[in-house]
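As a basis for the values below, the full set of heavy atoms in this structure was taken, side chains included, without hydrogen atoms, waters or symmetry mates.
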Amino acid sequence: QVQLVESGGGSVQAGGSLRLSCAASGRTFSVYAMGWFRQAPGKEREFVAAVSWSGANTYSADSVKGRFTISRDNAKNTVYLQMDSLKPEDTAVYYCAVDRTRPWATSVLITPAAYTVWGQGTQVTVSS
(Lines give C-alpha, C1' and ligand atoms only; values in the text may rest on other atoms or scores of the structure.)
Protein backbone atom coordinates (compact mmCIF):
# COMPACT_ATOMS: atom_id res chain seq x y z
CA GLN A 1 0.00 0.00 0.00
CA VAL A 2 1.22 3.49 -0.89
CA GLN A 3 1.82 5.94 1.98
CA LEU A 4 1.54 9.67 1.31
CA VAL A 5 2.88 12.61 3.32
CA GLU A 6 2.03 16.22 2.38
CA SER A 7 4.19 19.21 3.16
CA GLY A 8 4.64 22.83 2.13
CA GLY A 9 1.51 24.35 3.60
CA GLY A 10 1.54 27.58 5.52
CA SER A 11 0.17 31.09 5.69
CA VAL A 12 0.39 33.53 2.81
CA GLN A 13 -1.19 36.81 1.80
CA ALA A 14 -3.69 36.95 -1.04
CA GLY A 15 -1.88 36.97 -4.36
CA GLY A 16 1.02 34.98 -3.00
CA SER A 17 2.26 31.51 -3.86
CA LEU A 18 2.93 28.20 -2.20
CA ARG A 19 4.16 24.86 -3.46
CA LEU A 20 2.82 21.73 -1.84
CA SER A 21 4.67 18.44 -2.02
CA CYS A 22 3.39 14.93 -1.55
CA ALA A 23 6.05 12.34 -0.87
CA ALA A 24 5.06 8.77 -1.52
CA SER A 25 6.41 5.48 -0.34
CA GLY A 26 5.54 2.19 -1.93
CA ARG A 27 6.65 -0.01 -4.75
CA THR A 28 3.95 0.92 -7.29
CA PHE A 29 3.57 4.69 -6.91
CA SER A 30 4.45 5.45 -10.51
CA VAL A 31 1.55 3.51 -12.07
CA TYR A 32 -1.31 5.45 -10.47
CA ALA A 33 -3.03 8.75 -11.07
CA MET A 34 -2.61 11.23 -8.22
CA GLY A 35 -4.92 13.98 -7.07
CA TRP A 36 -5.02 16.97 -4.77
CA PHE A 37 -8.16 17.74 -2.77
CA ARG A 38 -9.00 20.33 -0.16
CA GLN A 39 -11.43 20.65 2.70
CA ALA A 40 -12.42 23.78 4.59
CA PRO A 41 -14.17 23.67 7.98
CA GLY A 42 -17.81 22.70 7.58
CA LYS A 43 -17.35 21.93 3.90
CA GLU A 44 -17.17 18.76 1.86
CA ARG A 45 -13.84 17.64 0.54
CA GLU A 46 -13.48 18.95 -3.01
CA PHE A 47 -11.35 18.16 -6.00
CA VAL A 48 -8.50 20.51 -6.86
CA ALA A 49 -6.32 18.85 -9.51
CA ALA A 50 -5.14 15.46 -10.71
CA VAL A 51 -2.34 14.04 -12.85
CA SER A 52 -2.14 10.73 -14.66
CA TRP A 53 0.47 8.11 -13.86
CA SER A 54 2.91 9.36 -16.48
CA GLY A 55 2.29 13.05 -15.91
CA ALA A 56 1.03 13.41 -19.48
CA ASN A 57 -2.55 14.26 -18.56
CA THR A 58 -3.72 16.76 -15.98
CA TYR A 59 -7.04 18.26 -15.01
CA SER A 60 -7.88 21.08 -12.63
CA ALA A 61 -11.05 22.33 -11.02
CA ASP A 62 -12.56 25.44 -12.57
CA SER A 63 -11.90 27.33 -9.35
CA VAL A 64 -8.13 26.92 -9.67
CA LYS A 65 -7.53 26.73 -13.43
CA GLY A 66 -4.84 29.14 -14.50
CA ARG A 67 -3.60 29.50 -10.93
CA PHE A 68 -2.65 26.00 -9.73
CA THR A 69 -0.42 23.51 -11.51
CA ILE A 70 -0.10 19.85 -10.63
CA SER A 71 2.97 17.86 -11.62
CA ARG A 72 4.82 14.73 -10.62
CA ASP A 73 8.35 13.42 -10.55
CA ASN A 74 8.17 9.66 -10.46
CA ALA A 75 11.93 9.38 -10.02
CA LYS A 76 11.50 11.20 -6.70
CA ASN A 77 8.17 9.57 -5.80
CA THR A 78 6.73 13.05 -5.37
CA VAL A 79 3.68 14.97 -6.58
CA TYR A 80 3.56 18.76 -6.46
CA LEU A 81 0.89 21.42 -6.42
CA GLN A 82 2.17 24.85 -7.38
CA MET A 83 -0.34 27.42 -6.17
CA ASP A 84 -0.12 30.96 -7.51
CA SER A 85 -2.40 33.98 -7.17
CA LEU A 86 -3.83 32.54 -3.97
CA LYS A 87 -7.19 33.78 -2.74
CA PRO A 88 -8.74 33.67 0.74
CA GLU A 89 -11.23 31.10 -0.52
CA ASP A 90 -8.31 28.75 -1.16
CA THR A 91 -7.89 28.40 2.61
CA ALA A 92 -8.30 24.73 3.50
CA VAL A 93 -6.51 21.58 4.48
CA TYR A 94 -4.99 20.14 1.33
CA TYR A 95 -4.73 16.40 0.84
CA CYS A 96 -2.98 14.34 -1.77
CA ALA A 97 -4.44 11.02 -2.77
CA VAL A 98 -3.94 8.15 -5.16
CA ASP A 99 -6.43 6.43 -7.45
CA ARG A 100 -5.12 2.99 -6.65
CA THR A 101 -7.97 1.19 -8.40
CA ARG A 102 -6.93 2.14 -11.93
CA PRO A 103 -3.25 1.51 -12.58
CA TRP A 104 -1.87 2.86 -15.86
CA ALA A 105 -4.99 4.95 -16.49
CA THR A 106 -4.45 7.83 -18.90
CA SER A 107 -7.51 9.74 -17.70
CA VAL A 108 -8.10 11.19 -14.25
CA LEU A 109 -11.15 11.23 -12.01
CA ILE A 110 -12.37 14.12 -9.90
CA THR A 111 -14.50 12.57 -7.15
CA PRO A 112 -12.95 11.87 -3.74
CA ALA A 113 -14.46 8.37 -3.75
CA ALA A 114 -12.24 7.45 -6.68
CA TYR A 115 -9.15 7.86 -4.54
CA THR A 116 -8.38 5.13 -2.06
CA VAL A 117 -5.16 6.22 -0.35
CA TRP A 118 -4.84 9.60 1.36
CA GLY A 119 -2.19 11.65 3.06
CA GLN A 120 -2.63 13.38 6.41
CA GLY A 121 -3.17 16.83 4.92
CA THR A 122 -1.37 20.16 5.15
CA GLN A 123 -2.95 23.47 6.13
CA VAL A 124 -3.02 26.37 3.69
CA THR A 125 -4.20 29.72 5.00
CA VAL A 126 -4.59 32.73 2.72
CA SER A 127 -5.20 36.09 4.36
CA SER A 128 -7.02 39.02 2.79
Side-chain angles (χ1 to χ4, degrees):
Q1 181 172 293
V2 176
Q3 184 177 7
L4 308 174
V5 179
E6 302 96 333
S7 63
S11 298
V12 64
Q13 294 182 2
S17 298
L18 287 172
R19 188 178 75 159
L20 306 184
S21 298
C22 176
S25 62
R27 296 171 61 85
T28 57
F29 165 80
S30 63
V31 308
Y32 300 115
M34 300 290 299
W36 284 97
F37 295 79
R38 65 188 182 188
Q39 188 167 23
K43 302 292 185 180
E44 295 293 317
R45 190 167 297 185
E46 66 174 349
F47 171 79
V48 176
V51 58
S52 63
W53 71 272
S54 68
N57 297 310
T58 63
Y59 186 78
S60 300
D62 289 343
S63 59
V64 305
K65 283 182 178 177
R67 300 189 299 120
F68 292 8
T69 303
I70 188 171
S71 62
R72 69 190 299 162
D73 185 341
N74 286 343
K76 297 181 178 180
N77 288 341
T78 302
V79 178
Y80 304 97
L81 185 68
Q82 177 66 44
M83 305 186 296
D84 298 318
S85 301
L86 283 162
K87 304 175 180 179
E89 52 262 44
D90 295 320
T91 296
V93 177
Y94 283 70
Y95 300 89
C96 66
V98 56
D99 177 9
R100 199 170 177 268
T101 65
R102 303 190 307 130
W104 307 102
T106 57
S107 61
V108 297
L109 301 176
I110 66 172
T111 59
Y115 294 80
T116 56
V117 181
W118 295 81
Q120 85 288 351
T122 186
Q123 177 71 47
V124 171
T125 301
V126 184
S127 60
S128 301

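Between the side chain of T91 and the backbone N or O of V126, at least one donor-acceptor pair lies under 3.5 Å. Distance alone, capped at 3.5 Å, is enough to place a donor-acceptor pair between the E6 side chain and the G121 backbone. Side chain of T122 to main chain of G9: a donor-acceptor pair is present (N/O by atom type, distance under 3.5 Å, no hydrogens or angles). With R45 contributing its side chain and A40 its backbone, the two residues share no donor-acceptor pair below 3.5 Å. In this structure, S63 contributes its side chain and A61 its backbone to no donor-acceptor pair below 3.5 Å.
There is a side-chain donor-acceptor pair under 3.5 Å between T101 and D99.
S128 and P88 get closest at one heavy-atom pair: OG-CG, 3.7 Å. Looking at every heavy atom in both residues, L4 comes nearest to A97 through CD1-CA, 3.7 Å. Residues S52 and V108 approach most closely at N-CG1, 3.6 Å, considering heavy atoms.
Between the CG atom of L81 and the CZ atom of R72 there is a distance of 13.5 Å, given to the nearest 0.5 Å. Here the straight-line distance linking atom CZ of R38 with atom CE of M83 works out to 9.0 Å at 0.5 Å rounding. Rounding to the nearest 0.5 Å places CG of N77 at 8.0 Å from OG of S25. Between the OG atom of S21 and the CG atom of D73 there is a distance of 10.5 Å, given to the nearest 0.5 Å. Distance check, rounded to the nearest 0.5 Å: SG of C96 to CZ of F37 gives 10.5 Å. For the atom pair OG1 of T116 and CZ of R100, the computed distance is 6.5 Å after rounding to the nearest 0.5 Å.
Checked against the 6.0 Å centroid threshold, Y95 and Y115 do not count as a close aromatic pair. When ring centroids are compared, W36 and F68 stay outside the 6.0 Å threshold.
If you chain together hydrophobic residues whose side chains sit under 4.5 Å apart, I70 and V31 fall into the same group. When the side chains of ILVMFWY residues are joined at heavy-atom separations under 4.5 Å, either directly or via intervening members, Y80 and F29 end up in two distinct hydrophobic clusters. Under the 4.5 Å side-chain contact rule for hydrophobic residues, L109 and V98 do not share a cluster. The hydrophobic cluster containing L20 does not contain Y59, counting ILVMFWY residues as joined when their side-chain heavy atoms lie under 4.5 angstrom apart, directly or transitively.
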Working note: Y94 + V48, criterion side chain to side chain contact (heavy atoms under 4.5 Å, CB included); need CA distance, chi angles, decisive distance, verdict. CA-CA 9 Å; Y94 283 70; V48 176; 4.2 Å; yes

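Counting heavy atoms from C-beta on, the side chains of N57 and V51 never come closer than 4.5 Å. A 4.5 Å side-chain heavy-atom check between S71 and Q82 finds every atom pair outside the cut-off.
The aromatic rings of W53 and W104 sit perpendicular to each other, their planes meeting at more than 60°, with 30° as the lower class boundary.
Between K76 and the choices T78, V79, N74, the side chain to side chain contact (heavy atoms under 4.5 Å, CB included) rule is met once, by T78.
Environment of CD in E44: sparse, with no more than 12 heavy atoms of neighbouring residues, nucleotides or ligands closer than 6.0 Å.
Both tests do not hold together for R102 against Y32: distance to the six-membered ring centre under 6.0 Å, angle to the ring axis within 45°.
Under 4.0 Å is where a charged nitrogen must lie from a carboxylate oxygen, and between D90 and K87 no such pair does.
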